[in-house]
Amino acid sequence: MLETERLILRPLTGDDFDDFAAMLTPEVTAGLAETVGDSPADAWRSLATYIGHHQIRGYSHWAVIEKETGRFAGHAGPWRPHGFPGLGVGWCLSREHWGKGYATEAARASLAYCFSALDAEDVISVILPGNDRSIAVAERIGHTHLHDAEYRGRKVHIYGQKRKVTPAAP
């Protein structure tokens, strides 16, 4: 579990299903690089994938919970499923939580986790062209546009950054 100023990032569980499914509206899923539908069955498969990813890799997206209200706001965290182009951080918030800075806050915590706990040398984010909100989040956490690629048959932007190296003291 991680805490930020306004958020708690905790493992996703089956108990998150109702909130997770409610989050996956067409407006939300249209911006996701991972192909996710918006039916309850699609939500179930997606949630199970995140939970299974944690079992296989030892890390995954966390539930993003508002500290003040205890409400589920979305999910964010480290991610590297089979075929993914590198260790990534991703984020997805329910529409009602857009514009509050939660995505940036959760993405910064996720990035720090990747560099510290996972000892990553570099971290990426895979973003669909036209998803200007996610591009802005990526840039706010220090990512730059690295290149364009194809992921699961879709053109995507790869944003990312390398770990900052602190010079050794003399």
Side-chain angles (χ1 to χ4, degrees), residues 1-54 59-81 84 88-114 123-145 148-149 151-160:
M1 188 167 86
L2 300 177
E3 280 194 46
T4 68
E5 181 181 339
R6 300 175 298 157
L7 304 171
I8 294 170
L9 305 178
R10 61 145 176 84
L12 285 159
T13 70
D15 291 339
D16 293 316
F17 175 72
D18 290 338
D19 292 324
F20 191 93
M23 173 188 66
L24 296 179
T25 65
E27 184 178 17
V28 170
T29 60
L32 299 177
E34 291 289 335
T35 306
V36 178
D38 51 22
S39 74
D42 293 328
W44 181 261
R45 280 188 294 276
S46 183
L47 180 61
T49 297
Y50 287 116
I51 293 169
H53 187 281
H54 186 268
Y59 59 85
S60 188
H61 278 214
W62 297 286
V64 175
I65 307 297
E66 287 181 309
K67 274 186 185 179
E68 187 176 313
T69 65
R71 291 180 59 213
F72 181 94
H75 62 88
W79 183 240
R80 190 172 188 176
F84 204 68
V89 293
W91 48 87
C92 179
L93 297 179
S94 63
R95 177 64 181 97
E96 68 189 272
H97 295 291
W98 291 5
K100 297 179 180 181
Y102 290 170
T104 301
E105 196 170 323
R108 275 192 185 119
S110 300
L111 182 65
Y113 179 87
C114 288
V123 177
I124 63 167
S125 293
V126 176
I127 302 172
L128 288 178
N131 189 342
D132 296 336
R133 298 176 73 85
S134 279
I135 290 169
V137 169
E139 290 173 345
R140 281 194 291 272
I141 67 169
H143 280 3
T144 59
H145 180 258
D148 290 339
Y151 177 65
R152 293 190 170 185
R154 301 166 82 183
K155 180 182 174 186
V156 296
H157 298 310
I158 307 293
Y159 277 73

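Positions are given from 1, in the same order as the sequence printed here. For clarity, every value in this text was computed on a predicted model and none was experimentally measured.
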Inset, instruction - Report yes if some heavy atom in the side chain of Val126 is under 4.5 Å from a heavy atom in the side chain of Ile158; otherwise report no. - result: yes
Legend entry - Spacing of Leu111 atom CG and Ser125 atom OG [to the nearest 0.5 Å]: 8.0 Å
Inset, instruction - With sequence neighbours excluded, tell me which residues meet ring-ring contact (aromatic ring centres under 6.0 Å, His included) with Phe72. - result: none
Inset, instruction - Apply side-chain contact (heavy atoms from CB on, under 4.5 Å) to Ser134 and list each qualifying residue two or more places apart in sequence or on a separate chain. - result: Trp91, Ile127, Asn131
Legend entry - Donor-acceptor contact below 3.5 Å, side chain Ser60 vs main chain Tyr50: yes
Legend entry - By salt bridge (Lys or Arg N to Asp or Glu O under 4.0 Å) - contacts of Arg133 (at least two apart): none
Inset, instruction - Looking only at non-hydrogen atoms, find the nearest pair between Arg95 and Val28 and report the distance. - result: N-CG2, 3.9 Å
Inset, instruction - Using atom types as modelled and distance alone, determine if a side-chain donor or acceptor of Glu105 lies under 3.5 Å from a backbone N or O of Arg6. - result: yes
Inset, instruction - Keeping the roles fixed (side chain from Ser110, backbone from Ala106), state whether a donor-acceptor pair exists under 3.5 Å. - result: yes
Inset, instruction - Under the salt bridge (Lys or Arg N to Asp or Glu O under 4.0 Å) rule, collect the residues that match up with Asp19, sequence neighbours excluded. - result: none
Legend entry - Among His53, His54, His61, His97, ring pair (Phe, Tyr, Trp, His ring centres under 6.0 Å) partner for His75: His61
Inset, instruction - Could you tell me whether the side chain of Arg108 and the main chain of Arg140 form a donor-acceptor pair under 3.5 Å? - result: yes
Inset, instruction - For the pair Trp62 (side chain) and Met1 (backbone), establish whether a donor and an acceptor sit closer than 3.5 Å, ignoring hydrogens and angles. - result: no
Legend entry - Validation row: Leu9, Val64 side chains within 4.5 angstrom (heavy atoms): yes
Legend entry - Taking every non-hydrogen atom, the tightest pair across Ile141 and Thr104: CG2-O, 4.0 Å
Legend entry - Asp16 side chain reached by Met23 side chain, heavy atoms, under 4.5 Å: no
Inset, instruction - With rounding to the nearest 0.5 Å, note down the distance linking CG in Leu7 to NZ in Lys67. - result: 8.0 Å
Inset, instruction - Under the salt bridge (Lys or Arg N to Asp or Glu O under 4.0 Å) rule, collect the residues that match up with Glu66, sequence neighbours excluded. - result: Lys100
Inset, instruction - For Thr49, check side-chain contact (heavy atoms from CB on, under 4.5 Å) against everything at least two apart and list the hits. - result: Trp79
Inset, instruction - Identify the heavy atoms of Val137 and Ala107 that sit nearest to each other, and give their distance. - result: CG1-CB, 4.0 Å
Legend entry - Validation row: Val89, His143 side chains within 4.5 angstrom (heavy atoms): yes
